[in-house]
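In what follows, chains carry the letters A, B, and so on, assigned in the order in which the sequence lines appear, proteins first and then strands, with residues in each chain numbered from 1.
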Number of protein chains: 2
Amino acid sequence: MKDMNFGRDLARKGLRNTKHRAAILSILEQSEQPLTAEQVFLELKERGEPANLSTVYRVLDVFTDKRMVKKLNITGGGRSLYEYDRMVHNHHLLCLGCKKILAIGSCPLGDYEKILAEKTDFAIEGHRLDIYGYCPECRREN
Amino acid sequence: MKDMNFGRDLARKGLRNTKHRAAILSILEQSEQPLTAEQVFLELKERGEPANLSTVYRVLDVFTDKRMVKKLNITGGGRSLYEYDRMVHNHHLLCLGCKKILAIGSCPLGDYEKILAEKTDFAIEGHRLDIYGYCPECRREN
DNA sequence: ATGCAAATGCAAACCGTTTGCATATATAAG
DNA sequence: CTTATATATGCAAACGGTTTGCATTTGCAT
């Protein structure tokens with residue numbers, strides 16, 4: 001967080017340092033929540049670095065390829081979310097009321113994957129786990 | 001499986017017994033794999049009960065509402081899959097090679113959800129867990 | 001400073017899915 | 001069995017998020 005140098009991060013990944021890319025990376029790095037492409041697009045406008053929506057998609061794609069950003073499909077259908085990749089394995093807890101998303105650092109699947117690999121003879125590469133429920137605030141409200 | 005009466009199942013759910021609905025339910029019930037709307041559409045044609053694609057979507061929606069079918073978003077983006085709901089909690093193991101999907105009856109998340117509920121004060125309602133890897137056949141091939 | 005590969009803007013295409021409306025059909029009432 | 005009516009279907013058009021082709025601009029190596 002402190003003293004981020006996104007230009008250097010881009011160069012390290014072999015990417016050109018453009019203001020849009022630096023801005024998008026900054027937006028995602030600073031966001032508490034994963035963001036949609038459109039939210040990134042709108043935030044760029046607010047920051048005075050307006051970009052075309054297709055540029056936003058292209059940049060997010062590149063970042064995803066380079067493992068700088070994670071693309072999430074938590075909501076199931078429709079739109080994707082993007083979050084800054086802090087290089088930790090995590091999952092997400094989604095509030096069905098206010099739709100807020102909490103990142104969860106722990107993962108209960110290590111042993112299970114081993115058991116599953118034995119049982120099925122699959123080479124397990126990974127998993128997706130999202131958990132949903134109602135957050136304390138939303139529980140209080142109804 | 002034996003002696004299925006889909007017309008009766010439909011009536012029990014308050015749905016009219018049409019040939020498309022009975023056929024779609026039968027197709028899903030007999031399928032080893034979850035199917036896309038288009039696959040259902042094509043199979044209907046093969047069975048001599050051709051339906052419009054929008055009808056297929058509407059029927060799948062109704063079935064999903066009535067909990068006769070589960071709508072899956074395993075692949076992340078793009079298309080949804082539909083599977084006959086056998087009323088058991090399950091997860092899916094997807095082969096990244098041949099894309100086949102295995103249903104897994106076991107679920108490792110019971111205790112974890114309790115712990116998470118305590119830690120976060122969320123009321124946990126459910127979760128989504130998909131696991132991916134390479135099946136025995138695909139492992140052998142490369 | 002300059003040349004070239006890569007990034008961007010713009011508009012149009014894309015693809016899975018949904019919708020409005022006219023017609024056809026299943027079911028309940030007589 | 002017939003009829004009335006609510007519901008299901010077909011068709012074509014719209015939709016929403018995302019992608020793409022192409023002309024223009026920009027970053028960066030030289």
From CG of A:Leu60 across to P of C:dT8 the rounded distance in Å is 11 Å
Query - Note, B:His127 side chain near B:His89 side chain (heavy atom, < 4.5 Å) - result: yes
When rounded to whole Å, the CZ to C1' distance for the pair A:Phe63 and C:dT8 reads 14 Å
Applied to residues 41-67 of chain B, the ring pair (Phe, Tyr, Trp, His ring centres under 6.0 Å) test, sequence neighbours excluded, yields none
| Heavy-atom side-chain contact between A:Leu93 and B:Phe122 under 4.5 Å | yes
In short, side chain to side chain donor-acceptor pair (under 3.5 Å) pairs touching residues 69-79 of chain B with sequence neighbours left out are B:Lys70-B:Asn90
Taken to the nearest whole Å, CG/B:Leu44 to P/D:dA8 is 17 Å
Residues passing the salt bridge (Lys or Arg N to Asp or Glu O under 4.0 Å) test with B:Asp121, sequence neighbours excluded, are A:Arg139
Between the protein and nucleotides 12-16 of chain C, are there any N/O to N/O pairs under 3.5 Å, and if so, what are the atom names and distances?
unit_1: C:dG16; atom_1: OP1; unit_2: B:Arg79; atom_2: NH2; d: 2.1
unit_1: C:dG16; atom_1: O5'; unit_2: B:Arg79; atom_2: NH2; d: 3.2

- Query: Under 4.5 Å between any side-chain heavy atoms of B:Tyr134 and B:Leu96, yes or no?
  - Reply: yes
_Less than 4.0 angstrom from a charged side-chain N to a carboxylate O is my criterion; do A:Arg58 and A:Asp61 meet it?_
no
Rounded to whole Å, CG of B:Asp61 lies from C1' of D:dT9 at a distance of 15 Å
Residue set satisfying side chain to side chain contact (heavy atoms under 4.5 Å, CB included) with B:Asn17, at least two apart, ordered chain then number -> B:Leu10, B:Ala22
Nucleotide by nucleotide, nucleotides 21-30 of chain C touches protein heavy atoms under 4.0 Å in the pattern (B base, S sugar-phosphate only, - none) ----BBS---
With sequence neighbours left out, the residues meeting side chain to side chain contact (heavy atoms under 4.5 Å, CB included) with A:Pro108 are A:Leu129, B:Leu109, B:Tyr112
For B:Leu81, the side chain to side chain contact (heavy atoms under 4.5 Å, CB included) test, sequence neighbours excluded, returns B:Pro34, B:Thr36, B:Leu72, B:Ile101
Atom NZ of A:Lys13 and atom C1' of C:dA7 are separated, to the nearest Å, by 19 Å
Axis-to-axis angle across the helix from C:dA1-D:dT30 to C:dG30-D:dC1, five pairs each end, nearest 10 degrees, ~ 30°
Can you tell me if A:His20 touches the phosphate of C:dA7, counting only side-chain N or O atoms and a distance under 4.0 Å to OP1 or OP2? no
Residues passing the salt bridge (Lys or Arg N to Asp or Glu O under 4.0 Å) test with A:Arg47, sequence neighbours excluded, are A:Glu43
Hits for salt bridge (Lys or Arg N to Asp or Glu O under 4.0 Å) against B:Lys100, two or more places apart or cross-chain, chain-then-number order -> B:Glu137
Here the residues of residues 48-56 of chain B within 4.0 Å heavy-atom distance, strictly under, of DNA chain D are B:Pro50, B:Ala51, B:Asn52, B:Ser54, B:Thr55
Here the distance between atom C1' of D:dC28 and atom CZ of A:Arg21, to the nearest Å, is 13 Å
(message) Quick check: do B:Glu29 and B:Arg86 have side-chain heavy atoms less than 4.5 Å from each other?
(response) yes
